[in-house]
> 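Pasting in a structure now, in structure tokens, and then I'll have a few things to ask.
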Amino acid sequence: MKVHTMRLQTLSVGLCAAVLAMSAPAAARSDDVLACTSMALGNDFPAQIGALMTRDNADSTQTDRVFEQLAKASDACGQRAGMDAEELNAFFDYNMGRIAREWMAVQIETYGISPVVVDNAADLGPGLTNPSMEAGVPDTLIETIVAAVAESGVDTDAMSSEGWAMVGSYLAATSAMWNAHAKLKP
């Protein structure tokens with residue numbers, strides 16, 4: 001269990017720093033507004049941003065290009081929806097978390113882990129506590145997630161460090177997404 005703890009904490013901290021998330025009261029935007037950036041960027045973009053956010057030594061030019069694309073699309077969609085500057089910042093964070101999460105969800109499924117199991121164990125989702133993972137994943141939460149994953153039938157001792165890294169990244173992206181979502185005005 002301690003090995004899992006170290007893997008998740010170590011590997012999720014980098015993404016947590018990149019994906020800013022703070023707690024705020026719940027709010028909502030229409031599904032069309034929330035999906036606008038993803039739709040504008042296309043089907044290949046989640047893999048680009050997800051890969052950059054889970055790689056230790058990403059090329060800075062490529063990273064800048066991908067994040068500039070994200071910012072441009074996010075700002076355009078947010079401005080069309082009438083968002084102010086503060087909300088545009090939260091909308092960028094939401095989109096970064098959402099798009100990375102979409103890709104990472106598919107990745108953790110390749111390890112036999114259901115994103116729903118992770119979300120439920122971490123209390124992530126609409127109307128839930130959505131704890132911030134900005135400073136890392138607390139040991140108690142890691143233990144809860146590992147237990148939930150094991151209960152779902154996954155051999156957690158056989159999981160590779162890459163698999164646990166992806167779970168940690170998924171947690172950080174999901175937490176950031178929901179916490180940024182809470183900052184968006186209805």
Side-chain angles (χ1 to χ4, degrees), residues 11-56 58-109 115-116 118-120 122-137 166-186:
L11 298 166
S12 67
V13 169
L15 179 63
C16 290
V19 181
L20 303 175
M22 301 301 235
S23 296
R29 281 279 182 172
S30 75
D31 289 342
D32 290 343
V33 171
L34 295 175
C36 176
T37 304
S38 292
M39 292 171 48
L41 291 168
N43 294 335
D44 295 335
F45 196 78
Q48 291 177 41
I49 199 165
L52 285 175
M53 295 175 82
T54 56
R55 199 176 320 144
D56 288 335
D59 175 84
S60 63
T61 304
Q62 181 185 13
T63 301
D64 291 347
R65 182 183 53 75
V66 169
F67 284 110
E68 284 172 17
Q69 270 184 282
L70 175 61
K72 191 175 192 178
S74 182
D75 284 349
C77 289
Q79 288 167 353
R80 275 196 301 275
M83 293 182 189
D84 61 26
E86 185 178 325
E87 199 173 9
L88 285 172
N89 287 333
F91 194 53
F92 175 84
D93 292 345
Y94 169 81
N95 283 303
M96 186 168 38
R98 176 183 174 151
I99 292 168
R101 178 186 187 272
E102 289 172 2
W103 183 78
M104 291 171 194
V106 172
Q107 303 308 306
I108 67 171
E109 286 176 335
V116 173
V118 176
D119 289 350
N120 290 341
D123 207 30
L124 294 168
L128 301 177
T129 62
N130 298 309
S132 175
M133 311 272 173
E134 193 172 329
V137 182
M166 192 59 65
V167 171
S169 295
Y170 173 84
L171 280 167
T174 303
S175 170
M177 179 190 82
W178 286 116
N179 283 292
H181 180 268
K183 294 178 183 178
L184 299 175
K185 298 171 187 156

> Taking all non-hydrogen atoms of both residues into account, name the closest pair between Leu171 and Ala122 and its distance.
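Closest heavy-atom pair between Leu171 and Ala122: CD2-CB, 3.7 Å.
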> Just to verify, what does Gln69 make a side-chain contact (heavy atoms from CB on, under 4.5 Å) with, not counting sequence neighbours?
Leu41, Phe45, Gln48, Arg65
> Measure across Phe67 and Ile49 and return the closest heavy-atom pair with its distance rounded to 0.1 Å.
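So the two residues come closest at CE2-CD1, 3.8 Å.
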> Please walk me through it: do Leu34 and Tyr94 pass side chain to side chain contact (heavy atoms under 4.5 Å, CB included)?
CA-CA 9 Å; Leu34 295 175; Tyr94 169 81; 3.6 Å; yes
> Flag the pair Arg98 and Glu102 as a salt bridge only when some basic side-chain nitrogen lies within less than 4.0 angstrom of an acidic carboxylate oxygen.
yes
> Write down the atom of Lys183, the atom of Ala90, and the distance for their closest heavy-atom approach.
CB-CB, 3.7 Å
> Can you name the closest pair of heavy atoms from Ser74 and Asn95 and give their distance?
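Nearest pair, atom of Ser74 first, then Asn95: OG-ND2, 3.1 Å.
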> Is the shortest side-chain heavy-atom distance between Val106 and Pro115 below 4.5 Å?
no
> side-chain contact (heavy atoms from CB on, under 4.5 Å) with Val116: which residues, sequence neighbours excluded?
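Ser114, Asn120.
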> If we count only N and O atoms by modelled type, under 3.5 Å, do the side chains of Asn179 and Ser132 hold a donor and an acceptor together?
no
> Mind checking ring pair (Phe, Tyr, Trp, His ring centres under 6.0 Å) for Phe91 and listing every partner two or more places apart, or none if nothing turns up?
none
> Checking Asp75 now: which residues fulfil side-chain contact (heavy atoms from CB on, under 4.5 Å) with it, not counting sequence neighbours?
Gln79, Leu88
> Might you point out which heavy atoms bring Asp84 and Glu87 nearest each other, and give the distance in Å?
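Asp84 and Glu87 have their closest heavy atoms at OD1-N, 2.8 Å.
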> Nearest 0.5 angstrom please: Met83 CE to Leu184 CG, how far?
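Met83 CE to Leu184 CG: 5.0 Å, rounded to 0.5 Å.
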> Give the intermediate values and the outcome of side chain to side chain contact (heavy atoms under 4.5 Å, CB included) for residues Phe92 and Met96.
CA-CA 6 Å; Phe92 175 84; Met96 186 168 38; 3.7 Å; yes
> Without swapping roles, check the side chain of Asp93 against the backbone of Met177 for a donor-acceptor pair under 3.5 Å.
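Here the side-chain-to-backbone pair does not exist.
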> Among all residues two or more places apart in sequence or in another chain, which pass the salt bridge (Lys or Arg N to Asp or Glu O under 4.0 Å) test with Asp119?
Arg101
> For Ala40, check side-chain contact (heavy atoms from CB on, under 4.5 Å) against everything at least two apart and list the hits.
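Ala73.
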> Which heavy atom in Val33 sits nearest to a heavy atom in Ala81, and how many Å separate them?
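Between these two residues, the closest heavy atoms are CG1-CB, 3.8 Å.
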